[in-house]
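Working notes for the structure below.
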Amino acid sequence: MPQPASKQITITLPDGSTRAMAEGSSALDLANSISKGLASAAIAARIDGEVKDLMLPLHNGAKVEILKRNAPEALEIIRHDTAHVMAEAVQALYPGTQVTIGPAIENGFYYDFARAEPFTPDDLPKIEAKMREIVAADRPFVREVWERNKAIEHFEKIGEKYKAEIIRDLPGTATITVYRQGNWMDLCRGPHLPSTGKIGTAFKLTKVSGAYWRGDAKNAPLQRIYGTAWRDEKELKAYLTMIEEAEKRDHRKLGREMELFHLQDDAAGSVFWHPKGWKLYRLLEDYIRARLEQNGYVEVNTPQLVGKSLFQASGHWEMFGDKMFTVQLDENQEFGIKPMNCPCHVQIFNQGIKSYRDLPIRMAEFGSCHRNETSGSLHGIMRVRAFTQDDAHIFCREDQIMEESLRYCQLQMRVYEDLGFPPEQVIVKLALRPDIRGGTDATWDRAEKGLRDAMNKAGLAFEELPFEGAFYGPKIEFHLKDAIGRTWQCGTLQLDFVLPERLDAHYVGEDGAKHRPVMLHRALLGTLERFIGILIEHYAGRLPLWLAPVQAVVADITNDVDDYAVEVHKALADAGLRVEIDTRAEKINYKIREHSLKKVPLMLVVGKKEATSKTVALRRLGGEDQQMMTLAEVVTKLREEAESPLEKEKEAKELVIALATRWQKG
RNA sequence: GCUGCCGUAGCUCAGGGGUAGAGCACGUCCUUGGUAAGGACGGGGUCGUAGGUUCAAUUCCUAUCGGCAGCACCA
């Protein structure tokens with residue numbers, strides 16, 4: 001067909017070369033002009049740095065990269081498209097259901113629907129089957145630009161009031177785009193795949209849940225359906241297998257299997273620590289205590305039951321009273337069980353007169369706290385109603401904020417490193433001023449800058465969260481991931497300008513006048529409970545030797561060598577190792593299996609051979625072979641291996657001193 | 001707190017209007033076996049709790065407590 005002579009546009013490809021195309025050509029045309037294969041593999045285009053639809057007409061001078069299925073951006077598009085297809089399927093199967101939003105998320109997507117009747121897990125296979133029909137029909141995604149008022153009117157008319165509301169809330173300058181797939185259409189910014197068939201078959205609906213319109217519990221409840229979607233079946237299967245494996249690391253399951261703790265209905269949200277779990281708890285507490293002592297903290301202990309008046313003065317009664325457990329002593333006396341330690345720490349600070357020379361005061365407490373958390377938020381030992389914070393409050397002058405924050409960040413990262421979380425596994429966030437807040441803007445400016453500078457100086461990569469700070473000050477949050485990738489806030493540093501004011505804390509400055517100290521609330525682990533939960537999942541129960549409640553089991557092969565097993569056990573116990581002995585009349589296979597399932601790091605197997613030669617066979621958890629060594633050797637070796645990071649640090653220091661001394665003498 | 005699902009032996013789970021079953025675990029006995037489950041026999045449950053329906057409820061209904069997933073919350 002003869003084309004009318006049209007204008008040409010010039011497109012730049014990623015390799016820097018240019019290509020002339022007819023005006024109005026799309027990225028798909030460009031792909032076609034390069035190769036048929038590229039055109040059929042193309043799923044979207046990066047135009048001047050932004051991911052766009054393939055069908056969009058290109059402008060002169062555009063830099064265009066054709067994106068294929070293996071592009072990192074592809075997954076997000078596939079997931080988003082799968083959400084659209086799910087929405088179509090849902091509306092086809094359940095007429096009257098309204099659509100709201102349906103974004104791609106990590107590993108998949110969801111779509112929130114407004115429907116009186118909730119979805120149940122039984123609905124998922126039906127919806128999924130319908131989705132596969134829509135994908136098989138391979139309908140093209142067609143982008144349309146609509147006039148704002150027409151769009152609002154249209155969505156109102158078809159009863160999609162949430163979509164109409166979304167458009168109304170868009171800035172007046174926004175381009176309103178609608179994507180069609182066959183007869184179904186959705187308000188959407190895009191980009192999308194060329195057609196539904198490009199989604200492929202590697203998707204699966206995973207769960208239904210409630211949600212709220214715009215994420216606010218005051219708004220209308222919605223029904224959310226989650227799914228996962230991948231490039232191909234292999235990726236999908238790998239993901240599902242990964243989830244299955246991760247579930248085996250669940251701290252609730254391992255906690256029971258390893259005899260660490262249990263939970264029961266009578267004390268929902270509180271932990272029953274068993275001997276082994278309590279050992280782990282104390283090891284962790286001892287480690288933190290030692291680190292605090294090194295870092296200039298003093299430790300205190302404050303009351304559990306505190307009169308209402310103090311919490312009224314601190315402001316907690318008003319702000320958090322609904323989450324506090326209270327005790328009515330008589331008509332006139334109401335006590336609260338402390339939900340946090342700060343008001344009490346201020347009381348200690350307020351005893352006597354403090355000079356500017358006394359600051360900073362770093363006041364630590366392994367503070368046992370109780371909060372009446374909502375039933376839906378409880379989770380194993382990670383979110384409980386009774387917990388112990390490795391809490392501390394640093395009372396300092398405003399000019400010390402930066403220095404103290406830096407010291408905290410450095411200590412925090414040191415501690416996480418020691419416990420097996422290198423910096424790349426720690427998610428750091430800086431929560432900035434919320435709308436409702438205490439203090440002046442100038443103070444907030446200085447506070448936020450102080451924290452930001454400290455974090456930068458400590459070399460932390462962090463994300464900023466606007467409006468997420470506490471009403472009394474900005475905060476740094478350190479999050480760690482659990483087995484299935486959910487993140488939990490553990491360590492935190494929170495600046496507080498309000499509480500010292502409310503509880504009238506002051507110090508005498510150089511000028512002889514009274515001044516307000518600044519309070520830094522901070523925790524390294526967060527709570528012992530949550531951290532132990534994270535630790536168990538992080539290590540899949542295989543705790544490092546220095547933290548293992550039982551470090552080794554001596555197991556004999558025949559009861560003929562019971563005496564020798566006792567001797568080995570005693571030698572190790574005398575060396576300070578946490579060791580158990582297993583002389584039951586069971587086969588060695590049986591014993592190894594059992595102790596392996598309980599994640600005991602080391603097994604010392606002794607039989608007739610070992611008894612005669614005074615040796616042991618050392619077997620490591622999960623290992624397939626064993627090392628033969630003499631009893632004396634194994635004691636020395638294990639004692640060294642079982643050293644905590646602190647002991648290792650101390651030894652290294654001593655070595656340096658010894659060498660320096662020798663050098664000076666020499 | 002909200003939505004959905006769930007609650008049966010220590011654990012994992014099956015069952016189902018006529019008062020219960022498996023595997024593992026546990027106990028006893030036999031076995032003394034060289035690196036992830038040796039064998040035999042045996043004990044064990046008010047079927048989360050409270051009401052209701054029914055001749056009869058662990059099973060059906062309601063409430064309640066607790067758990068799981070997600071949402072909301074998280075000083």
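Convention: sequence-line order gives letters A, B, ...; per-chain numbering from 1.
For B:C74, the base has a donor-acceptor partner in the side chain of A:Arg383 [N/O atoms by modelled type, under 3.5 angstrom]. Donor-acceptor pairing under 3.5 Å, judged by distance alone, is absent between the side chain of A:Asp560 and the base of B:U32. Side-chain atoms of A:Tyr212 and base atoms of B:G70 include no donor and acceptor less than 3.5 Å apart. For B:G34, its base sits under 3.5 Å from the side chain of A:Glu610 at one donor and acceptor pair at least.
Atom C1' of B:U8 sits at a distance of 11 Å from the matching atom of B:U59, rounded to the whole Å. When the P atom is used for both B:A69 and B:U54, the distance is 40 Å, rounded to whole Å. For the C1' atoms, the distance linking B:G51 with B:C41 amounts to 44 Å, nearest Å. Rounded to a whole angstrom, the distance from the C1' atom of B:G66 to that of B:C60 is 22 Å. Spacing between B:G21 and B:G16 at atom P, rounded to whole Å, works out to 14 Å.
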Can you give the dot-bracket line for RNA chain B, using ( ) for pairs inside the strand, [ ] for pairs that cross earlier ones, | for pairs with another strand and . for unpaired bases, where Watson-Crick and G-U count if both distances are under 3.5 Å?
(((((((..((((....[..)))).(((((.......))))).....(((((..]....))))))))))))....
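In terms of phosphate contacts, A:Arg486 brings a side-chain nitrogen or oxygen within less than 4.0 Å of OP1 or OP2 of B:G70. OP1 and OP2 of B:C74 both lie 4.0 Å or more from every side-chain N or O belonging to A:Arg530. Regarding contacts with the backbone of B:U35, every side-chain N or O of A:His595 stays at 4.0 angstrom or more from both OP1 and OP2. Distances shorter than 4.0 Å separate none of the side-chain N or O atoms of A:Lys338 from OP1 or OP2 on B:A75. Of the side-chain N and O atoms in A:Arg214, none sit less than 4.0 angstrom from OP1 or OP2 of B:A72. An OP1 or OP2 oxygen of B:G4 is reached within less than 4.0 angstrom by no side-chain nitrogen or oxygen of A:Thr120. For B:U12, one of the phosphate oxygens OP1 or OP2 lies less than 4.0 angstrom from a side-chain nitrogen or oxygen of A:Arg256.
Taking the six-membered ring where the residue is Trp, A:His84 and A:Tyr111 present perpendicular rings, their angle passing 60° and hence far from 30°.
As a whole-Å value, the separation of A:Ile557 CD1 from B:G34 C1' is 4 Å. As a whole-Å value, the separation of A:Asn107 CG from B:A69 C1' is 15 Å. The CD1 atom of A:Ile592 sits 9 Å away from the P atom of B:A37 (whole-angstrom rounding). Rounded to an integer number of Å, the gap from A:Ile436 CD1 to B:A75 P is 14 Å. Atom CG in A:Asp123 sits about 13 Å away from atom C1' in B:U3, given to the nearest Å.
Minimum heavy-atom separation, A:Tyr162 to A:Thr100: CG-CG2, 3.6 Å.
Atom CD of A:Gln264 has more than 12 heavy atoms from other residues, nucleotides or ligands within 6.0 Å.
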